[in-house]
Amino acid sequence: MTDRLELAPGAFWYPAAFDARAQADLLADVRAVLAQAPLFTPTMPRTGKSFSVRMSNCGPLGWVSDGSGYRYQSFHPDTRQPWPPLPDRLQAAYARFGAATPAEACLINYYAPDARMSLHQDRDEADLTAPVVSLSLGDTALFRLGGPERGGATQAIRLASGDVFVLSGPSRLAFHGVDRILGGSSRLLQEGGRFNLTLRRVSCTG
DNA sequence: CAGTAACT
DNA sequence: GTAG
């Protein structure tokens with residue numbers, strides 16, 4: 001196992017968990033998913049404002065946001081097609097970094113160099129006991145980790161390509177976000193920017 | 001409030 | 001400019 005840093009109880013950072021070859025393999029999986037399920041632009045439930053991050057999903061369920069709210073659903077909001085299957089190596093990564101039950105969703109977030117994600121909790125899953133495992137590919141992100149309450153102390157972490165971050169146990173509902181992307185910090189993506197893959201259990205019956 | 005911007 |  002690679003280095004593991006526990007930044008808060010249940011919040012684990014694994015710097016350089018995936019080497020360059022493994023990152024290229026993961027990226028190939030992402031490209032294949034996106035060929036079937038293109039990136040879409042989510043919007044905020046109340047205001048209709050667009051996210052700066054674009055998204056897609058693979059697995060039986062995918063996270064979406066639109067005028068109706070945040071939810072998991074089985075199909076792409078634009079194409080109405082089912083999400084592509086969750087690739088084996090992503091499922092393996094979910095198990096390797098602590099999950100006891102299979103992932104049902106892999107949310108693919110694409111951050112262009114000017115994209116951000118404000119501080120939030122991942123709380124749309126029925127099963128809040130299973131970890132959320134996140135993989136970074138491409139440009140380094142300035143990630144911000146808070147605690148279980150909005151307004152609590154936060155810390156900034158640089159998540160580089162190949163790093164893994166896990167929110168589990170007492171940190172499963174920790175607030176987190178992306179302050180900014182360091183444009184040009186990686187050459188993994190020819191188009192620049194960053195992919196973040198978050199593997200999740202959604203339903204309780206596993 | 002998974003948004004953005006303003007303001008210190 | 002960055003932190004919050």
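Protein chains get the first letters and strands the later ones, always in sequence-line order, with residue 1 at the start of each.
Judged by distance alone, with hydrogens and angles left aside, A:N109 brings no side-chain donor or acceptor close enough to the base of B:dA2 to form a pair under 3.5 Å.
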Polar atom pairs (N or O), protein with nucleotides 6-8 of chain B, under 3.5 Å:
none

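Atom CD in A:Q155 sits about 11 Å away from atom P in C:dG4, given to the nearest Å. We find that CZ of A:F51 is positioned 12 Å from C1' of B:dT4, with the value rounded to whole Å. Going from atom CZ of A:R123 over to atom P of B:dA2 covers 10 Å, rounded to whole Å. One interatomic measurement links the two molecules: CG of A:L173 to C1' of B:dA2, which rounds to 14 Å at whole-angstrom precision. Rounded to whole Å, atom P of B:dA2 lies 3 Å from atom OH of A:Y70. In this structure, A:M117 places its CE atom 14 Å from C1' of B:dT4, rounding to the nearest Å. Separating the CG atom of A:L142 from the C1' atom of C:dT2 is a distance of 11 Å, rounded to the nearest angstrom. In this structure, the CG atom of A:D179 is 9 Å from the P atom of C:dG4, given to the nearest Å.
Geometric assessment of A:R54 against the ring of A:F195 yields a negative cation-pi assignment under the 6.0 Å and 45° thresholds.
Ring-base stacking between A:W63 and B:dA2 is satisfied, the centre separation being under 5.5 Å and the plane angle under 30°.
Around atom CD of A:E6, more than 12 heavy atoms belonging to other residues, nucleotides or ligands sit under 6.0 Å away. Counting non-hydrogen atoms of neighbouring residues, nucleotides and ligands closer than 6.0 angstrom, the CZ atom of A:R187 reaches no more than 12 such neighbours.
A centroid separation of 6.0 Å or more is found between the aromatic rings of A:F75 and A:W83.
Within the structure, every side-chain polar atom (N or O) of A:R46 is placed at least 4.0 Å from both OP1 and OP2 of B:dT4. The phosphate of C:dG4 (OP1 or OP2) has a side-chain N or O of A:R144 nearer than 4.0 angstrom. Dashed line: the shortest gap from a side-chain N or O of A:R180 to OP1 or OP2 of C:dT2 is under 4.0 Å.
B:dA6 is unpaired under the Watson-Crick or G-U wobble criterion, no partner having all donor-acceptor distances under 3.5 Å.
Without hydrogens or angle criteria, A:R116 side chain to A:D179 main chain gives a donor-acceptor distance under 3.5 Å.
At a threshold of 4.0 angstrom between heavy atoms, the contacts of A:T43 with the nucleic acid are absent. Among the heavy atoms of the strands lying under 4.0 Å from A:R116 are primed sugar atoms or P, OP1, OP2 only; no base atom is included.
Among the nucleotides B:dT4, C:dG4, B:dA2, the one closest to any side-chain atom of A:T154 is C:dG4.
One finds no salt bridge joining A:R71 and A:E125 here, because no Lys/Arg side-chain nitrogen approaches an Asp/Glu carboxylate oxygen to under 4.0 Å.
The shortest non-hydrogen separation linking A:P9 to A:S171 is O-OG, 2.6 Å.
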